[in-house]
Structure formats: structure tokens, C-alpha cells
Amino acid sequence: MLSKIISRQDLPKLIDALTNDFLVIAPTYDKKVPTFSEVESSSEVEFDILFNEKLPMLPPKKVFLPAKQTVFKYNLIKGVTDSCDEISDAVTHNKNVVIFGVSPCDVSGVGVLERIFRDNYSDDVFLRLHDKTTIISVNCLDHCYENCFCETMSSNDPKSGYDVMLTEISKSKLIAVPNSDKGKKILRDYPELFSQISEKDSEAYIDALNLKNKNFKTEFLVEGLASHVEDSFESEIWKEFTEKCLFCGSCTFVCPTCYCYTVKEIVSVDLKDGERQREWDSCYFPEFALVAGDHNFRETKEQRFRYRYLHKFVDLPRRYNFEGCVGCGRCVTYCPANIDVRDVLKKIIGVM
Amino acid sequence: MRNAAIAHNVGVCTPNNAKIIKITELTHNTKLFEIQLEDEHSNNFFDYSPGQFVLITVFGVGEIPIGLTSTPIKRGSFELGIRKVGNVTNKIHQMNVGDIVGIRGPFGKGFPIEENKHKDLLYVCGGTGYFPIRSTFLYAIARREDYGKIMFLYGDRCPTDVLFPDENDDYKKREDILFHQSVDRDDDKCWEGNVGVVTTLFPNIAKEIDPVNTVVFVAGPAIMYRYVIIELEKLGIKNENIYLSLERKMKCGIGKCCHCGIGDKFACLDGPVFSLDQIRGLLEAL
Amino acid sequence: MASKPQIGIVGFTGCAGCQLSILDLENELLDLLGLVDIIDFRMAMSGNKKGPYDILFVEGSIVNKHQEEELKELREKAKVLVAIGSCASFGGPQAIRNYRDNKKTKIAQYGKDNIDKVEVIKVKPINKVVKVDHYLLECPVNKYEFLDFVKYYLVGGTPTLPNYPVCQQCKAKGNRCIFLEDGIMCMGPVIQAGCDALCPSYGMPCDGCRGSTLEAAYDQQVQLMIEKGASVEDITRYILKYNGEDKQVHEFLMEKWKEQDKKLVYQED
């Protein structure tokens with residue numbers, strides 16, 4: 001059997017072993033904020049973020065689509081000098097990357113972004129980083145906090161997008177299920193940390209999955225949501241929420257599936273060299289759809305508020321067959337104006 | 001649709017270095033730039049369909065989408081018509097032959113010109129909308145025998161803004177092309193032709209239109225579309241035979257950055273040319 | 001290459017912090033001097049020339065007639081005029097005076113016997129006196145924004161300011177939201193970004209020195225501040241701190257907030 005057992009005690013050893021071979025990114029606290037960051041040893045990793053029901057504020061998208069990122073470098077006269085491949089290799093110090101402790105909803109979130117960035121023309125900046133990354137997920141057996149609605153968005157049981165899934169089968173043991181060549185290689189490469197699975201372990205695993213199945217509840221029906229949202233194009237609901245919204249864009253930055261970006265040019269002081277930087281943008285910002293000649297295709301705040309929902313719940317499902325929401329609840333947690341995406345959707349469906 | 005080749009040797013997010021090989025001044029604020037990719041291999045592969053666009057980078061200033069203005073029949077270089085409106089276009093206008101710019105693309109879907117062989121073609125353009133229209137127009141007149149009637153309606157703001165006046169005069173003389181031109185205003189009384197918005201040219205071609213067999217290609221400012229569509233519908237032309245090139249903000253050209261989103265379509269991937277039929281199904285399109 | 005652009009940096013009423021901030025560009029100053037000729041910078045050098053300027057950077061707000069005349073003369077000598085810092089752009093802290101009883105303020109400042117001797121007018125950001133081509137924000141001015149402006153000017157463009165709220169840069173840095181989680185009165189949601197969320201990154205609230213962001217949601221911001229327990233007076237103070245002559249602030253205060261804070265009286269000219 002390819003699945004293996006790792007004891008909870010050995011998780012720090014696994015992290016330490018991985019740091020020898022990979023650039024390891026794991027949950028830590030940065031000034032009281034749970035976050036994913038680069039770690040050099042297991043002592044920096046906050047395991048309680050993983051096992052005590054907390055989500056890092058910024059989802060793992062920050063590894064592939066950071067707030068600011070160099071796309072390529074150039075000389076102002078001669079043109080491009082360094083392509084994104086060379087730059088992104090330098091970002092990871094020519095190492096492969098492991099992200100440890102990604103929750104299933106965030107695995108789904110990465111999956112959404114990967115699909116989008118691979119579709120049609122592959123975005124080499126995103127994928128260069130993504131494809132050298134191994135994702136070790138830690139399974140959730142219950143809703144992690146009050147804002148979580150992953151079951152509603154069917155995102156807590158991703159079929160792909162992770163390389164190893166660790167599921168707690170007892171207080172001291174986890175089962176490590178590989179889901180890709182990269183994942184299998186991890187289990188093979190650190191044999192001293194992984195042991196064979198016993199029959200009892202298998203049973204415990206099934207029990208854990210059954211428990212998971214029992215614990216997760218849907219809050220509302222997503223079936224037919226796209227047409228509900230589209231039909232509400234002229235609805236008063238948008239106005240109601242627009243009147244509460246600060247349009248600060250926080251929800252879009254903490255969202256694991258929001259991926260809008262803009263670019264800008266950075267020029268050196270001697271005016272000889274420069275680079276293009278990719279930077280987070282938000283469809284909530286007034287200039288998002290502004291073109292030359294001051295024509296704005298989404299002039300009002302209401303249009304902008306609505307667009308985000310149309311994009312996530314109508315456009316993405318129609319284009320890619322998935323919603324642009326994994327139900328992680330971060331937008332609810334970090335909204336200074338206390339807007340709850342579930343309330344918006346429930347009102348649209350007519351169950352609130 | 002012609003198959004367009006993306007010639008990138010360093011990934012689609014990094015531009016190809018390209019050289020300006022010829023600059024033609026068209027009006028006081030528009031120039032035509034002929035451009036060649038520096039890498040010979042990529043340059044040989046560079047192919048596009050009329051109505052597609054490239055993203056042109058002025059290193060240190062920025063990147064903007066510009067519709068291809070030349071016909072893809074001519075290989076080895078391509079032309080971009082550019083009006084001075086912002087930082088990037090201002091800087092391009094200061095550049096000289098031999099200067100290096102960055103080119104990504106060609107991107108998007110152009111006008112379905114090959115799919116509509118043997119049809120009558122009606123072109124309607126306003127202002128810089130002439131640039132992308134010219135690409136498909138040149139394509140059609142180079143293969144004149146493949147198409148039925150070719151009609152062209154062009155409006156611009158004032159006589160000094162008129163693009164390609166010499167080419168236009170040649171078209172007017174040709175018997176196998178119905179070319180009509182107008183300017184919105186003629187304050188200096190120096191214009192001999194029609195004065196009025198582009199829709200005032202429609203009576204000139206109304207009798208020539210076979211509504212079932214005519215395909216219309218439209219490009220111009222957003223405000224023009226509404227009125228042109230009314231005229232086209234009066235002529236009985238079906239929505240599915242009307243194609244419009246839509247302008248949107250673009251940053252990536254490959255359907256990622258989301259700035260050009262129109263419903264579940266992206267102007268950069270699924271457009272910039274859309275049929276009116278498609279547009280009717282999109283919220284927020286016009 | 002053509003001769004280097006002639007640059008001037010002058011100050012009116014303010015703390016001169018913007019000029020100091022430019023001097024603080026230690027690592028870049030020499031490179032900068034390779035690109036431009038600074039012909040007028042009284043804080044830093046002698047032998048200043050009064051124009052003509054390719055770019056003139058103006059710090060400080062206008063508080064008397066004499067300054068008004070001087071600024072108008074300078075404008076005529078400058079091809080491009082750039083307001084730097086809060087005072088020049090939005091009036092700065094001294095513009096709070098514009099919302100108080102002028103006589104009382106004068107008595108407090110100069111004493112009862114002297115109020116007629118001092119000729120002070122309403123505090124004006126420089127765009128109330130002359131045409132301003134660009135704004136560089138922050139208190140004191142963001143030195144990198146200044147440097148970027150010079151670079152872009154030379155390369156052939158103008159930099160666009162980030163027209164979005166401080167929250168973007170705060171989230172980008174992974175900061176804790178002190179407004180939401182700690183109830184600290186942070187103005188970040190309505191204030192223009194560009195500072196890289198400097199104050200919130202140190203656990204301090206954004207106090208608004210970069211002016212209102214585009215289409216700032218003051219109604220919603222103030223509603224939330226009330227819910228978090230801020231008093232009417234405090235809210236006025238938070239909003240008015242740097243940006244009295246910011247158009248959006250002025251409109252919000254005089255069209256909406258005046259009903260709550262009766263003490264607000266706007267001085268007409």
C-alpha cells in the first residue's frame with residue numbers, strides 16, 4: 001500500500017528533513033496573524049494553527065501570486081534581459097518548494113487558480129512557481145470555525161491539487177495518503193519517518209472519513225446558483241450591500257480564488273534598467289475597468305460590488321465548471337464592514 | 001478563423017524584443033509603426049488574423065493593447081497604428097526607427113473573414129477604429145475575387161484627423177469597392193465630402209445591401225456602436241452577422257488579470273471581436 | 001542628450017518636513033543629481049536661482065496674501081508644478097482652522113489685542129491658488145514617490161498614484177487588521193495607499209496623511225467608527241487631521257457630518 005503512517009510527534013522531524021531539500025513554507029504567526037511563511041526549522045512552525053482550527057489570513061496563493069512579483073527585467077534601450085523563468089528560480093533559491101499544512105479548502109483554492117492560469121495560454125509566471133511546489137495538506141474532520149462553509153461549496157474533499165494528504169486517525173497518528181508522483185516521492189524519500197499501515201489504521205482512517213462526512217453540513221443549496229445570481233442582475237440586494245461596503249478590497253486579497261492583478265514598471269535611478277512588476281488588483285477599485293479617454297465600464301460602486309459575485313458565481317462556473325469560492329470564510333472574517341458572502345447569496349436565492 | 005501563431009520563446013508573459021523599422025506620420029497625433037521581432041525565428045512565425053491585437057511595451061513606461069493594422073498576407077513585419085492619448089502612446093510617438101519595443105501576442109479573436117467568403121462585406125469604422133478594420137479590409141481586397149460587394153463607411157472627427165487619406169482616395173476611385181467617408185465637424189470649411197456622424201453615410205449603401213448575404217465588421221468608440229447597430233437593424237441585417245470590436249482595459253492579454261471581463265467572456269481571449277449575437281447575451285457589454 | 005531638467009523645491013506654510021524627506025534620500029541623492037539640476041532648494045543649498053523651472057515642487061499651504069502672490073509668480077516660471085505633502089495637497093493640519101470660528105482661533109493664537117494686526121486668510125492648498133499638475137502625497141512627502149516622479153518624468157511619462165485604499169498594502173503585508181480586530185480607529189479604508197501601510201504595519205492606526213482614496217466610503221467608515229465607540233468630536237478630528245481641503249472630506253463634513261457635529265463652521269473667503 002502506498003499510504004503510510006506518520007506519528008504526530010514526528011511531524012517536526014518531517015519539517016526539518018524537508019528543509020534540507022526544499023524551501024519549506026508552513027503556518028506561523030507573524031505579529032499575532034496566522035500566516036504561511038518560509039521556515040528554516042520545525043521550531044518556527046505553529047502546529048496549533050493546523051490542529052486548532054485556524055486558517056492563515058492569506059491563503060497559499062501568496063506563494064504563486066504574491067502581492068508583488070517581478071515578471072521580467074529589461075534594459076530601457078535593449079529590451080528584455082531576464083525572463084520570468086530565471087527570476088522565479090532565483091525567488092526560490094533554485095529549490096523546489098513544499099507548502100506544509102494546507103487545508104482542503106485551500107487545496108481547492110489552489111486548484112481553481114491553477115486551472116485558470118493553465119487554461120488557454122499558460123501563465124508561465126504563476127505556473128513556474130506552482131509546478132515546482134509540493135503541497136502537503138492536513139485534512140479537516142469538522143468545520144474549522146463559524147465562518148467556514150466549505151461543504152456548501154463542495155471544497156473540503158478535493159480530488160486533486162495536493163500531493164500528500166495527512167489525516168488524523170488518532171491523537172498520536174496521521175495517515176499520509178499520496179496523490180501524485182511528487183507526493184509518493186516524499187513518502188519514499190523519508191522512510192525513517194513513515195511506517196507501514198496496519199489493518200487497524202485502515203479502519204481508523206475509514207472511521208475518520210465517516211466522521212468527516214457526518215460533521216460537515218451544507219448551509220444552502222449551490223445548485224442553480226449561477227442563474228439565481230444572473231437573474232438578480234437588477235435586484236435591490238446589490239444596493240443594500242453596496243451601502244455597507246467600504247470597497248477596501250480586503251475580501252479580494254484574502255480570497256484563495258481571487259486572482260486579478262495589474263502590472264507596473266519599476267525603473268532604476270540611473271534610468272538604465274527596469275522591471276515589470278505584477279501586483280494584486282481588485283475589481284472593487286474604481287479604476288479597475290477604466291480605459292483611456294476616461295471611459296469606465298463599471299462606473300458605480302454597485303456595478304463593482306455585483307461584478308465580483310457575477311464573476312465568482314456565474315462567469316467562472318460557466319467558463320471552467322467551478323465556482324470562484326471555496327467557502328473558507330476569510331472574506332467574512334476579515335471584512336471590516338461585516339459583510340457575509342453567505343448572506344448575500346442566501347438573499348439572492350431567497351432563503352433569507 | 002485563421003490560425004494565429006504565438007511566437008514566444010520565453011513564455012507568453014515576457015515580451016519579444018522588437019525593432020521599429022519604419023514610421024509613417026498619418027496625422028498630427030497618429031503614426032503608423034512598422035515593427036519586426038528581433039529574433040528571426042520568432043519573426044518568421046509571427047502570424048495573425050485581422051482584428052487581433054498585440055500588447056506593445058515601451059520599456060520603462062508601460063504596456064498597452066494595440067490592434068494590428070496591417071494585413072497578415074504580408075509576412076516579415078507588421079504595422080500598428082497608434083494615436084497619442086496617454087503615457088505609453090506619447091512615448092512611442094517620440095521613438096525612432098531602430099528603437100526597441102516589446103511585443104506580446106498576437107492575442108484574441110479577430111474578424112471572421114475567411115469564414116465569410118463569397119459574402120458581401122460592410123465595414124463601418126470611426127476614428128482609430130479604422131486601424132483594426134484596415135487589417136481585415138486589406139485582406140479582403142487582396143483576395144477580391146473571394147468576396148461579393150465590399151462596402152466601407154468611415155467617419156472621423158474632423159478633416160485633420162482623417163487617416164490614410166491617399167489610400168482612401170484610391171479606394172474611392174475603384175469600381176469594385178463602395179467607399180464612403182465623413183467627418184463629424186468641418187469647422188475650417190476645408191472638407192469636400194459628407195459632414196456628419198458615420199451613420200449619416202448609411203443612405204449611400206442602403207440600396208446595395210442584401211441583408212441575408214451581408215456580414216458587417218464594426219470598430220470605433222463605444223458610443224458609436226449603439227447608433228450603428230440601430231442602422232444595421234433597420235437594414236435587416238441579423239445580429240449574428242454583425243461583428244464589433246470591443247475596447248476594454250487589458251493587462252495580461254491571456255485571460256488572467258480579469259480587467260477585460262465582460263460576463264463570462266474576456267475581451268482579450270474571446271474578443272476583442274464579438275458578434276452582436278454574443279454581445280446580446282452578455283451583461284455589461286455595451 | 002538635452003540639458004538636464006532644472007528643478008526647484010520650495011516651501012510655504014508647513015513644517016519643512018517634506019524638504020527634509022527629500023534630503024533623506026541618502027542612497028539615491030547622488031544618482032538623482034546626475035539626472036537633474038537642482039537650482040532652487042533653500043533648505044539644502046545657497047546660490048539659489050528663482051527659475052525658470054522644468055519642475056517645481058511646492059511644499060506647504062497658503063495662509064496669507066503675500067504667499068498667494070509669491071506662488072502665482074513661481075507658477076509662471078514653472079513648466080510643471082507639483083504639490084508635495086499633505087499641506088500643499090489638502091491643506092494639512094492647519095486647515096482644521098478652516099472649520100472653526102476664525103475669531104476664536106485668532107484670539108487663542110495671537111491674543112485678544114493682536115487679532116487685527118495679523119492678516120491671515122483661510123488655509124489654502126496650493127491648487128486653490130494656481131494650477132497644479134501633479135500631487136505627491138504623504139506627511140512628510142514619500143521620498144520614493146518623489147524619486148519615482150522624477151524618474152518617470154525623465155523616462156517620458158507620469159507615475160500614477162495607487163488609487164486604492166491603504167487596506168490593499170496592509171493585506172499585502174499580512175498585517176493584523178487593527179480596525180476590525182482591535183477596534184482601533186484606523187482610517188485605512190478611506191485613505192489613498194502608497195505608504196506601504198506604514199503606520200498599521202507598526203500597530204498604529206492610519207491617520208489619513210495621504211488624503212482620500214478615489215470614491216472613499218466616508219459614510220460607511222464613520223458608521224463603523226460610531227459602532228466601535230468613537231465620539232462625534234473624535235470622528236471629526238480623525239477625518240479633519242490632514243485633509244480639511246480634500247474635496248471628498250469637505251463634502252462629507254459639510255453635507256453630512258455637520259448634522260452630527262454642530263461645531264463645524266466652514267469659513268468662507
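Hydrogens, waters and symmetry mates play no part in the numbers below; they use all other heavy atoms, side chains included. Chain letters run A, B, ... following the sequence lines, proteins first, then strands; residues in each count from 1.
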>> So for A:Leu58, is it side chain, backbone, both, or neither that comes closer than 4.5 Å to the heavy atoms of chain C?
In response: side chain

>> Only pairs of heavy atoms separated by less than 4.5 Å count here; which of C:Leu147, C:Asp148, C:Leu180 has the most with chain A?
In response: C:Leu180

>> Could you tell me if C:Lys79 sits above the aromatic ring of C:Tyr53, with its cationic atom closer than 6.0 Å to the ring centre and no more than 45 degrees from the axis?
In response: no

>> Just to be sure I understand the criterion: a residue of residues 229-261 of chain C counts if one of its heavy atoms is under 4.5 Å from a heavy atom of chain A. Which ones qualify?
In response: none

> Which bit of A:Lys32 comes within less than 4.5 Å of chain C, counting heavy atoms only: side chain, backbone, both or neither?
Replying inline: both

> Given that the side chain runs from C-beta out, which part of A:Ser37 has a heavy atom under 4.5 Å from chain C: side chain, backbone, both or neither?
Replying inline: neither

> By a 4.5 Å heavy-atom criterion (distance strictly below it), what part of A:Thr300 contacts chain C: side chain, backbone, both, or neither?
Replying inline: neither

> What part of A:Ser282 is in contact with chain C, defined as an atom under 4.5 angstrom from a non-hydrogen atom: side chain, backbone, both or neither?
Replying inline: neither

>> I'd like to check the side chain to side chain donor-acceptor pair (under 3.5 Å) partners of C:Ser201; sequence neighbours left out, ordered by chain and number.
In response: C:Lys173, C:Asn175

>> Give the interface residues of residues 183-199 of chain C toward chain A, defined by a heavy-atom separation under 4.5 Å.
In response: C:Pro189, C:Asp196

> So which residues of residues 61-75 of chain A are in contact with chain C at a heavy-atom cut-off of under 4.5 Å?
Replying inline: A:Ala67, A:Lys68

> Looking at A:Trp238, A:Phe241, A:Tyr284, which hits ring pair (Phe, Tyr, Trp, His ring centres under 6.0 Å) with A:Tyr309?
Replying inline: A:Trp238

